[in-house]
Amino acid sequence: MPDSQQVASNSSSSRSATATKPALWSSRFVFIMAAVGSAVGLGNIWKFPYITGENGGGAFVLVYLACIAVIGLPLMMSEVMVGRRGGKSPIGTMAVVAKAEGRSKRWVGVGIMATLAAFLILSFYSVIAGWTMPYIISAISGSFSDINAEDSGALFGGLLASPWQLLLWHSIFMGLTVLVSAGGVRHGLERAVTKLMPALFILLLILVGYAATTGHFGEAVSFLFKPDFSALTAEAILTALGHAFFTLSLASGAMMAYGAYLPKNVSIARTAVVVAVMDTCVALLAGLAIFPIVFAHGLAASEGPGLIFVTLPVAFGQMPGGGFFATLFFVLLLFAAWTSSISMLESLVSYLNEKGVSRVKAAIGGGFAAWLVGITTLLSLNVWSDFTPMDSFARFEGKTLFDLYDYLTANIMMPLVAFLIAVFVGWKMKPEHSKAELGAWHKLWFPVVRYLTPIALLIVFAFNLR
Ligand code: TRP
């Protein structure tokens, strides 16, 4: 699919050019699956619950939902649209589209920053995704049966304390990512994703059902949905916004790169709505599955990154058939992370590919570089946990390298890329052009990306730089 689309990319304005091999009727579905595969990942099941716990629940969730609807969704439409018009890698696309609109060459910088953000995210994403593998092994070997919260915490702590174990799993996960990316295997992946995503959904529902029996379901529902605005800080708003980008794979080229492979006759707006809704449902279900268990066992909602790795084994350990469900859960989490990590590498690989590097070499080279940077992340969990190089800035005080990568991408690079994309489509691109892509939705979308999105992002920046 990528190859045929690259041919089409030079004539992105011609409708027939994209009508190549893949059957047209299934194209929208395939795109949705690839985009949902990219969007649904650790962000939904691992990160959303723990940052919600750290930021006090309801009010944070409300801000997050608003960020998805008001900023995330219009931005996803923008990125897919720009990607489809450019028909290239995010860097190539920004060059092509800026030129077509008679704008400065410097817009390429947006593509570069997006690609860089995706690369940095991949480097630490792989480390975390690696955690799922020892958990799969523990689940199969029955280590979770009747485990209590304390032992579960110790198990997780032991994993984080061991650089060699982390390195092993990080290496395997990065290898898996490179493998798919190098092959450009959309077929195998597509087929896997279309089965795995529904399976993940059903499994989450089962877990929510189990959580409902813990007697603390109501508590979790009010924690998630009853806003207490006194718990809301400016930093929390920024976190919610950063996570809205992260969970939808925005502001990092992924959706632009996938948009380049989208046939002309597919409605961008309707497709984006489906992706955003599915992604949000998975995150909320994860919250509903996890918090009742957290409360039932007297664990702290603000536990942090270890939240699901510590709490879920406790629940599985008490459930009939828990070993089976635990295995399934962590396998699916691994797959969800895998379909996401591939999309992170895609920005860089598609760019290198354009520059004449073969797909295999580009994937191996990009993956290797991200693997190297990832090692600094895994070391900051143990050996380098006291290495907080930016202490002289109050904002970065006490942040390890891992914390810094996370902060830099989620709170600085992604909002900046998002702002620039909104300015580009809202002010620099001819409205006739965006109208041709978005049809009737244009009326609703245009004022949002022209005014609301940039202003909201400016306010957030102003708060952040206070
Ligand atoms: N959306 C994914 C998640 O929630 C993460 C992800 C995939 C991503 N591709 C991305 C994040 C590109 C940033 C950029 O886990």
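For ligands, and for the atoms within them, numbers begin at 1 and follow the listed sequence. If you're wondering where the values come from, they're calculated on a predicted model, not measured in any experiment.
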Give the atoms of ligand 1, by number and element, whose distance to some non-hydrogen atom of Met344 is under 4.0 Å.
5 (C), 6 (C), 7 (C), 8 (C), 9 (N), 10 (C), 12 (C)
What's the shortest distance from atom 12 (C) of ligand 1 to any protein heavy atom, and which residue and atom give it?
Ser252 OG, 3.1 Å
Looking at ligand 1, is there an atom of it that comes within less than 4.0 Å of some heavy atom belonging to Met414?
yes
Need the ligand 1 atom indices (1-based, order shown) with element for anything under 4.0 Å from a heavy-atom of Gly41.
3 (C), 4 (O), 15 (O)
Which atoms of ligand 1 have any heavy atom of Ser340 under 4.0 Å away?
2 (C), 7 (C), 9 (N)
Taking C-beta and beyond as the side chain, do Trp169 and Thr132 meet within less than 4.5 Å on heavy atoms?
no
Identified side chain to side chain contact (heavy atoms under 4.5 Å, CB included) counterpart of Leu122 within the set Leu348, Leu345, Val373
Leu345
With a 3.5 Å distance limit and no angle check, can you tell me whether Ser385 reaches the backbone of Asn382 through a side-chain donor-acceptor pair?
yes
Contacting atoms of ligand 1, where contact means under 4.0 angstrom from a heavy atom of Thr247:
1 (N), 4 (O)
Which residue holds the protein heavy atom closest to atom 15 (O) of ligand 1, what is that atom called, and what is the gap in Å?
Tyr125 OH, 2.6 Å
Would you mind checking which non-hydrogen protein atom is closest to atom 13 (C) of ligand 1, with the distance to 0.1 Å?
Ile121 CD1, 3.5 Å
Going by an N to O cut-off under 4.0 Å, is there a salt bridge joining Arg85 and Glu79?
no
In terms of relative ring orientation, are Trp131 and Phe156 parallel, tilted or perpendicular, with 30° and 60° separating the classes?
perpendicular
Which of the listed options, Gly43, Ala39, Ser343, Ala35, holds the heavy atom that is closest to atom 9 (N) of ligand 1?
Ser343
Result of checking Phe217, Phe291, Phe60 against Phe223 for ring pair (Phe, Tyr, Trp, His ring centres under 6.0 Å)
Phe291
Has the side chain of Trp46 got a donor or acceptor atom that lies under 3.5 Å from a matching backbone atom of Pro305?
yes
Provide, to 0.1 Å, the distance between atom 11 (C) of ligand 1 and the closest protein heavy atom, together with that atom's residue and name.
Phe246 O, 3.5 Å
Please walk me through it: do Arg359 and Glu346 pass salt bridge (Lys or Arg N to Asp or Glu O under 4.0 Å)?
CA-CA 10 Å; Arg359 222 185 140 86; Glu346 187 62 22; 2.7 Å; yes
Considering heavy atoms of the protein only, find what lies nearest to atom 2 (C) of ligand 1 and give residue, atom and distance to 0.1 Å.
Ser38 O, 3.2 Å
Can you list the atoms of ligand 1 that are under 4.0 Å from a heavy atom of Leu42?
15 (O)
